[in-house]
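Right, one structure below, let's go through it.
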Amino acid sequence: MNMSDFKELLARIYEDKTPKTADLAKALAISGKEELHDLFAFADRVRRNFCGDGILLRGIVEFSNFCTKQCFYCGLNKANLKIKRYRMDKDEILDSVKFLAEKNIKTVVLQSGDDPGVDISWLKDIIRKIKSEFDIAVTLSIGERSFEDYQALREAGADRYLLKIETSNESLYDAIHENMSFKRRLRCLDYLRKLKFQVGSGNIIGLPSQTLEMIAQDIIFFKERELDMIGIGPFIPHNDSRFSGQKKGEVVLTLKAIALTRIVTKYAHIPATTALGSLDKDYRLEGLECGANVLMPNFTPQPLRKLYEIYPGKRCVDEPVGECNFCMANMVNSLNRFIDYSRGDSLLTDKEEKNV
Ligand code: 5AD
Ligand code: FES
């Protein structure tokens, strides 16, 4: 594609209320240096205009690695008998939250596997305590639950919920998740919306048999669902999963997907994911330069942290708690941006058009 055609393509993707799969797939296929530079610079401008230069922090506490699901890509899958399972108790969780709140972080993400051992009234109690003791937003990421469970958690004060669709392609989704269904996943996302959570979702780039068209459709899915937060990370094969030995997702394709998601969704909060930081080197910096505006420091206490092995080589498993903060401050300084220590609520409520 010549450069003027490419610039036209990007402008069309930016302006289109409903971007076309073919346009997005074409942009995902580029490989020329100049084109990549243009795409990333465009996304960076969109990020600056719609989200500003501040980088938001979400402190993550991975409080249980039990899981009853069988996702083909994930190291926590229930068939993996090699990992030692843990569930933190109330005090351990509250201590971690206290620690991150003292570091001035205003969002805690409480994440677990799909763990029915996580009792809803137990979790409600934790959420209530967090909300009464700290001035902090609570994001949950605990998988698929009933409407009533989500409602109870919302009423207890949870503000946000992350539930990744992983792929918006129904047949691919159903093929790589045993005893799970795409339709049920969508229903959960609908429940969360209805309950007025700020909703996050996202996908994995480079899943076996995923095509560029499917990734293009993921981006359209993010736009149509008006997601408040979108996490995009490369596939990293885990030896104790069904996808052991498969090819890993490409960094550049992941960065292109992040950039196009920024250009299409404009206001969404997009993290430079831990997966992006867990490849041959740390590519989170590159993620922040092509559309991402969020980092997720890990506050899971040691020695549990290394047991939350969704994929191998996960970043920061040996760092002491709190170390991630320094590391992230360095990253952000090198970009001439700054850490934004506010809660970082959804920007989608204020949708004034801005010019790029
Ligand atoms: N590679 C990359 N990302 C993965 N996830 C799970 N397993 C893998 C993997 N092998 C992502 C999923 C999940 C999130 C917690 O981690 O998107 O929702
Ligand atoms: Fe954890 Fe760098 S982000 S040490």
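Remember, it's 1-based here, ligands and their atoms both numbered in the order they're listed. Position 1 is the first residue of the sequence, and the numbers go up from there. Treat the numbers as computed from the prediction; the structure is a model and nothing was measured.
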Quick check with a 6.0 Å cut-off and a 45 degree axis cone: is [X] positioned over the face of [Y]'s six-membered ring?
X      : Y      : answer
Arg185 : Phe182 : no
Lys223 : Phe221 : no
Arg242 : Tyr73  : no
Arg87  : Phe63  : no

Proximal ligand 1 atoms for Cys74, defined as those under 4.0 Å from one of its heavy atoms: 7 (N)

What protein heavy atom lies closest to [atom]? Include the residue and the distance to one decimal.
atom                    : result
atom 3 (N) of ligand 1  : Tyr311 CD2, 3.8 Å
atom 15 (C) of ligand 1 : Ile310 CD1, 3.7 Å
atom 2 (C) of ligand 1  : Pro234 O, 3.1 Å
atom 1 (N) of ligand 1  : Ile236 N, 2.9 Å
atom 14 (C) of ligand 1 : Lys164 CD, 4.3 Å

Option with minimal heavy-atom separation from atom 18 (O) of ligand 1, where the choices are Glu166, Glu309, Lys314, Lys248: Glu166

N-O pairing of Lys314 and Glu309 below 4.0 Å: no

Arg47/Asp44 ion pair, N-O < 4.0 Å: yes

Part of Ser241 within contact of ligand 1 (heavy atoms, under 4.0 Å): neither

Residue part near ligand 1, for His238, under 4.0 Å between non-hydrogen atoms: neither

Matching residue for Phe40 among Glu286, Glu289, Glu35, Lys256 - test: side-chain contact (heavy atoms from CB on, under 4.5 Å): Lys256

Nitrogen or oxygen atoms of Tyr73 and ligand 1 under 3.5 Å apart: yes

